[in-house]
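Inspection log for the structure reproduced underneath, given as structure tokens.
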Amino acid sequence: MTVEQSVPEAPTVEPELAALYADLSAVHLHPLWTITKQLLTPTPQPRSVPWLWSAGVLAPLADRALRLVPVERGGERRVLSFGNPGLGGLPYAAGTLWGAVQCLGPGETAPAHRHSPGAVRFVLEGSGVWTTVDGDPCDMAPGDLVLTPGWNWHEHTSDGSSRMLWFDGLDLPMVEALDAVFFEPYPQDRQPARAEHNLSEARFAGAGRRHVEGSVTGALDPRHSPLLVYRWTDTDAELTRLAAARDTAMVSLEFVNPNTGASVLPTLSCGMHRLRPDRRTEAVRRTGNTIFVAYRGSGSSVIDGVRFDWSPGDVFVAPSWSAVEHLAAEPADLFSLGDAPVLRALNLYREQALDGPQDVRRVFEPDRVP
Ligand code: GTQ
Ligand code: FE2
């Protein structure tokens, strides 16, 4: 955070007091009484702003990068990261969250590495790609969620005939704020992997039934979900059941660790939300940042009085304590990624429902390539 020191100016202060401020500054001390209002704000004041990146802009740029930029060591990944304009040029979607689209071409491998930040992948388009996570190749298809928890070796491999696009979410800004970023390349492009794919999934194929044998390295790490893939077909079926059972504007699922019910990663929570057409959700403020990915259908979300119209592949951000409500024009599904596990663990989680719908002050105009 940048804090501006507002030093009362001479001649309105005694020369002695002016000298005190000058001396404090010279020895890197800050008088709290001049900055307390900026620091201890009545409510959170995130620097990130509500924003949206449209699929119409993202996909063609990813395709240009695919033509021009190979995936290789050093660069590691063909990734376009969302830079929230409120964050002054940082490549972060929000103060605590990395969000990006990644593009992998036919036959390419994005080389194996590991890092202390954890990641999730939510697949938007394409086929023929798997992410190998500590020796377990996890097949990826649209609507699937794939986890690469912190410090697990991972590479992405394609034997498909078209490119794949997916959304990447990482806790990198949090890990950076904690001064705990580590990164290591694997000595080869690919790690040794099992010939059979999707072991983590096979071990949890029956709800409430865990295979006791056939563990791979890291699969039993109690700090993250042993299940590394959550299939769209299962998510869709569960949302369908839920929507049939409840007459609400929105039904929501959280993806969890099947052993413990905890969030998918210690730092990150992922959810899927199904909106019923023409029914506005209640406007709610929550602590913690959220990135939404529009997966199916179109609609709009009002965030702090600004209306964001979205359709499949669009990505938008609701910063901490912004008022958020959704309204779909047709049946629609939104994927969400948030830092709520951290806020809950630190006893900082709060939510507040607003009295009614927000007044729309403005309709957001997404950036276009000039
Ligand atoms: O695919 O391993 O968006 O390491 C950022 C850092 C993706 C990845 C990102 C990464 C990856
Ligand atoms: Fe990575």
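Each residue takes its place number in the sequence, starting with 1. Order of listing sets the numbers, starting from 1, for every ligand and every atom in it.
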| field | Sorted by chain and number, the residues that approach ligand 1 to under 4.0 Å with a heavy atom | value |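 Around ligand 1, where the cutoff is 4.0 Å for heavy atoms, the contacting residues are Arg77, Val79, Trp98, Ala100, Gln102, His113, His115, Arg121, His154, His156, Asp168, Leu170.
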| task | Using the side-chain hydrogen bond (donor to acceptor under 3.5 Å, both in side chains) rule, pick out the option among Thr96, Thr267, Thr287 that qualifies with Asp339. | result |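 Of all the options given, the one that passes is Thr96.
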| query | Can you tell which of Ser301, Ser298, Ser54 makes a side-chain hydrogen bond (donor to acceptor under 3.5 Å, both in side chains) with Trp310? | reply |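 It is Ser301; the other options fail the test.
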Which pairs would a plain distance check flag for residues 174-181, meaning a side-chain donor or acceptor within less than 3.5 Å of a matching protein atom at least two apart in sequence or in another chain?
unit_1, atom_1, unit_2, atom_2, d
Glu176, OE1, Tyr92, OH, 3.0

Please tabulate, for side-chain N and O atoms in residues 242-252, each donor-acceptor pair with protein atoms closer than 3.5 Å (sequence neighbours left out).
unit_1, atom_1, unit_2, atom_2, d
Asp247, OD1, Arg279, NH1, 3.1
Thr248, OG1, Met250, O, 3.1
Ser252, OG, His273, ND1, 2.7

| request: Output, in order, the C-alpha distance, side-chain angles, deciding distance and verdict of salt bridge (Lys or Arg N to Asp or Glu O under 4.0 Å) for Arg285 and Asp304. | output: CA-CA 9 Å; Arg285 297 183 189 278; Asp304 277 348; 3.6 Å; yes
| field | For the student: nearest non-hydrogen atoms of Pro226 and Phe204, plus distance | value |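 Smallest interatomic distance, heavy atoms only, reads CG-CZ, 3.4 Å.
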| query | Taking only residues two or more places apart in sequence, or in another chain, which ones meet Thr290 in a side-chain contact (heavy atoms from CB on, under 4.5 Å)? | reply |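 Checked Thr290 against side-chain contact (heavy atoms from CB on, under 4.5 Å); matches are Phe292, Ser336.
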| said: Given the Fe ion (ligand 2) as the apex, I'd like the angle to NE2 of His113 and NE2 of His115, rounded to 10 degrees. | reply: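 Angle NE2(His113)-the Fe ion (ligand 2)-NE2(His115): 110°, rounded to 10°.
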| How is the N/O/S atom of His154 that comes nearest to the Fe ion (ligand 2) named? |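 So the atom name we want here is NE2.
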